[in-house]
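Written below as structure tokens is the structure these notes are about.
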Amino acid sequence: MITRQLNFKVLQAKPRSNSLKSFHSLEHGHHMFDQIPHPNAASTNRSMLDCLRKNLPFQALDIFKRHLQLGFVDNVDHVTVALAIKACHGDPKPGCQIHGFAVSSGHVSYITVSNSLMNMYCKSGQFAKALCIFENLIDPDIVSWNTVLSGFQKSEDALSFALRMNLNGVVFDPVSYTTILAFCSDDEGFLFGLQLHSLAMKFGFDCEVFVGNALISMYSRCRQLVEAQRVFDEMPNRDLVSWNAILSGYTQERDHGLEAVFTFIEMVREGMKLDHVSFTSAVSACGQERNLELGKQMHGLIMKTGYGRHVSVCNVLMSLYSKCEVVEDAKLVFQIMNDRNVVSWTTIISVNEEDAVSLFNEMRLDGVYPNDVTFIGLIHAISIQTLVKEGQMIHGFCIKTSFLSEPNVCNSLITMYAKFEAMQDSLKIFEELNYREIISWNALISGYGQNGLSQEALRTFLSAIMESKPNEYTFGSVLSAIGAAEDISLKQGQRCHSYLIKLRLDTDPIVSGALLDMYAKRGNICESQKVFCEMPERTQFSWTAIISAYARHGDYDSVIKFFKEMEREGVRPDSITFLSVLTVCGRKGMVDVGRQLFDSMVKEYQIEPSAEHYSCMVDMLGRAGRLEEAEDLVSQIPGQPGLSVLQSLLGACKIHGNMEMGERIADALMEMEPTESGSYVLMSNLYAEKGHWEKVAKIRKGMRERGVKKEIGFSWVDTSVVRGSLCLYKFSSGDMSHPQTEEIFRMAECIGLEMKFLRERKREGESICKITSYKIDR
DNA sequence: AACTGCCTAA
């Protein structure tokens with residue numbers, strides 16, 4: 001980082017005669033080059049100026065062109081040329097023509113004409129031309145310097161130019177201060193801004209409203225709101241812009257929405273006349289605060305003051321209503337708008353996902369061209385509705401309009417195809433990316449994970465870390481893939497963990513939640529516990545993760561302990577938390593506790609029970625033999641009871657040998673899912689236990705006829721240490737395909753023997769705390 | 001007659 005240091009000596013020097021003085025007394029200083037004006041030139045200038053004042057630049061330009069076409073070159077002086085350049089309004093086409101005329105007529109030697117030209121080129125985005133004119137000026141004045149200064153794109157370059165002004169002995173005028181301050185935004189800019197502030201104070205320029213406003217804005221951008229407020233408070237006169245500047249300062253800073261709201265209220269109290277800038281900031285603050293009531297009041301004020309159809313104001317109002325989940329009101333705002341821009345359409349597409357595609361078409365008919373954000377919203381809407389055809393069409397549209405070079409659009413498409421279960425297409429888009437940033441890698445990894453392709457997810461992760469720096473989302477996705485996979489060695493998870501510690505990401509809330517979950521799913525609850533203990537802050541998410549982890553291991557006491565602790569710390573449980581707690585109650589047979597918790601979930605926490613909650617409750621009641629109660633609960637489920645609920649109930653019938661209820665449930669299940677093997681197997685086992693062999697045979701026959709196959713169960717053995725592969729070895733019973741089958745069988749026998757031995761010792765009252773790890777000898 | 005300030009939303 002370069003530390004920019006202003007030369008105070010130069011800046012404190014006496015202002016040159018043509019800078020400050022002329023700024024303050026425009027009407028006196030500038031006529032020394034004027035020739036005695038041609039009487040017609042004066043009238044031309046007057047009428048052009050008139051048009052410009054009425055905001056009719058095209059008419060002003062027409063007057064100028066007509067004069068030239070009719071050969072009234074004498075009607076034109078350097079003031080006319082300057083006015084004509086101004087009338088171009090940043091349009092370089094007529095601008096270049098007038099530039100040519102100014103050169104051939106010699107008017108370009110007037111500094112005002114050159115300054116106007118430079119300004120025109122800056123406004124039209126042809127900064128290089130402006131700079132070229134500047135470098136050829138023999139005697140640039142302060143306006144020339146300021147004009148070039150205002151044209152820079154990068155603040156880095158602008159600040160360097162300000163230093164060059166300083167070195168050349170140019171004394172800043174108020175316009176210079178305002179212009180430079182607008183470029184001070186980062187840490188380095190802040191240091192520069194501080195120096196400018198003290199200088200401005202020395203010269204008394206900080207009393208100028210413009211400079212004060214620029215200072216407020218600079219401090220706001222540099223997140224120094226206390227300073228911004230101080231400048232505001234100490235200003236001798238404030239205008240609307242000053243108020244808007246401090247208002248937007250609070251709006252942009254996170255967690256300062258309330259201050260923004262107070263500022264707005266003060267503005268109203270002081271009787272300030274509000275404009276669209278005030279309203280956009282104030283409504284945005286309401287949105288951040290999710291304060292719908294105040295937002296509605298502001299909307300009323302907006303209607304009253306006549307800004308009810310202003311594009312930007314309407315756009316933020318839509319955003320406010322969508323954030324506060326009153327989508328209908330957002331739609332109403334959209335309907336009353338006269339002019340809708342890209343942002344308006346993109347907002348309504350994102351808010352109104354069901355109609356996203358037709359809204360997109362309407363937008364095209366309205367003549368509004370989409371941008372990358374539009375596509376991100378549209379593709380998201382298409383993804384969550386799984387509209388495959390539309391998705392492909394939008395993909396085609398993006399290819400045709402070269403939006404595929406927008407990285408964010410590509411990332412959305414990768415996610416979309418992953419949702420469509422078309423990972424080849426996701427991969428294709430990924431491979432055609434110009435630049436693979438970590439977000440794209442993340443989209444691919446999480447896509448593989450969500451499609452159950454855990455090994456691919458892991459392989460992609462390993463490639464990703466070779467060329468990009470992974471972030472918390474990368475680890476979140478890969479850890480969830482490893483957690484879900486039975487055939488990936490836990491060593492891969494441990495590798496991720498070590499890498500996380502190295503990157504100091506292991507305490508991030510997203511990552512540690514995923515880590516905890518991964519260990520729990522892969523059977524290492526001790527590690528889960530450790531991760532939980534090391535979390536710096538415990539959110540609802542982390543509490544739920546540790547509770548599910550213990551629930552997965554059937555540890556009733558720990559689950560209840562953590563659940564109570566969570567409630568004690570005032571963290572609200574969610575539907576997943578309850579699911580874990582209820583599951584473990586069922587396993588332990590704590591039916592009454594479970595019932596009580598279920599009721600408190602519905603009544604106290606107003607959580608709508610899902611199909612999983614119901615099947616969990618049914619399972620719990622069923623296991624305890626309270627079959628009638630369970631069936632009663634099934635009948636209370638709104639809509640049709642799902643597959644899993646009925647399967648739980650059937651399982652309970654099997655356990656307690658209730659054939660009559662079992663038959664009823666099994667019939668319903670076989671009708672719902674004729675190819676699902678579970679219900680057939682359960683029912684046939686139930687008949688078998690009761691000795692109804694002819695019914696068993698009938699079910700088996702039915703299974704064969706309908707083509708129901710029982711899924712094969714697999715086990716895994718970790719040979720990754722030996723073979724150096726990523727994955728575990730999968731085998732089923734009687735499987736002899738592994739090259740080390742013999743050793744594996746021998747080892748299995750040993751494990752069996754040791755288990756038997758330990759069981760006997762336990763019966764004798766010894767506690768077992770040692771788990772032996774086995775290695776296969778080669 | 002030339003140069004400067006507040007803007008938010010997807």
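Chain naming here is simple, since letters A, B, ... match the order of the sequence lines and numbering starts at 1 in each.
- Inspection of the A:S160 and A:R164 side chains reveals no N or O donor paired with an N or O acceptor under 3.5 Å.
- Rounded to whole angstrom, the span from the CG atom of A:D206 across to the P atom of B:dT4 amounts to 22 Å.
- With sequence neighbours excluded, the residues that form a salt bridge (charged side-chain N to carboxylate O under 4.0 Å, His left out) with A:K331 are A:E328.
- The nucleotide whose nearest atom lies closest to any side-chain atom of A:V343 is, among B:dG5, B:dA9, B:dT4, B:dA9.
- Evaluation of atom-type donor-acceptor distances gives a pair under 3.5 Å for the side chain of A:D239 against the base of B:dG5.
- When distances are taken from the side chain of A:V143 to each of B:dA10, B:dA2, B:dT4, the shortest belongs to B:dA2.
- Backbone-only contact: A:L49 has heavy atoms under 4.0 Å from sugar-phosphate atoms and none from a base.
- A:T178 comes within contact range of at least one nucleobase, with a heavy-atom separation under 4.0 Å.
- Rounding to whole angstrom units, CZ of residue A:R221 and P of B:dT8 are separated by 11 Å.
- Here B:dA10 is the nucleotide among B:dC6, B:dA2, B:dA10 with the atom lying nearest to any side-chain atom of A:S350.
- Closest contact between the side chain of A:N315 and the listed nucleotides B:dT8, B:dA10, B:dA9 involves B:dA9.
- Looking at every heavy atom in both residues, A:I216 comes nearest to A:S242 through CD1-O, 4.1 Å.
- A sub-4.0 Å separation between OP1 or OP2 of B:dC3 and a side-chain N or O of A:K86 is absent.
- Look at A:T347 and you won't find any side-chain N or O under 4.0 angstrom from OP1 or OP2 of B:dA9.
- Between B:dC7 and A:Q252, a contact under 4.0 Å exists linking OP1 or OP2 to a side-chain N or O.
- In this structure, CG of A:N115 is placed 8 Å from P of B:dC3, rounded to the nearest angstrom.
- The phosphate of B:dA1 (OP1 or OP2) has a side-chain N or O of A:R53 nearer than 4.0 angstrom.
- Between the base of B:dA10 and the side chain of A:N371 there is a donor-acceptor pair shorter than 3.5 Å.
- A:L247 has its CG atom 10 Å from the C1' atom of B:dC7, to the nearest Å.
- Side-chain N/O atoms of A:N213 include none lying less than 4.0 angstrom from OP1 or OP2 on B:dC6.
- If you take CE of A:M118 and P of B:dT4, they are 12 Å apart, rounded to a whole angstrom.
- Nearest to the side chain of A:I111, among B:dA2, B:dA1, B:dG5, sits B:dA2.
- Each of B:dC3, B:dC6, B:dA10 was ranked by its minimum atom distance to the side chain of A:V373; first place goes to B:dA10.
- With no hydrogens or angles considered, a side-chain donor-acceptor pair links A:D233 and A:Q229 at under 3.5 Å.
- Atom CH2 of A:W145 is separated from atom P of B:dC3 by 18 Å (rounded to the nearest Å).
- The side chain of A:V241 has B:dG5 as its nearest neighbour among B:dA1, B:dG5, B:dA9.
- The existence of a salt bridge linking A:R46 and A:D50 is excluded, since no basic side-chain nitrogen approaches an acidic carboxylate oxygen closer than 4.0 Å.
- For A:H197, the ring pair (Phe, Tyr, Trp, His ring centres under 6.0 Å) partners two or more places apart in sequence, or in a different chain, are A:Y219.
- Out of B:dC7, B:dA9, B:dT4, the shortest distance to the side chain of A:S150 is found at B:dT4.
- Residue A:F279 contributes atom CZ, which lies 16 Å from atom C1' of B:dA9 at whole-angstrom precision.
- Between A:S312 and the phosphate of B:dC7, there is no side-chain N or O to OP1/OP2 separation shorter than 4.0 Å.
- When rounded to the nearest whole Å, the span between NE2 of A:H107 and P of B:dA2 equals 16 Å.
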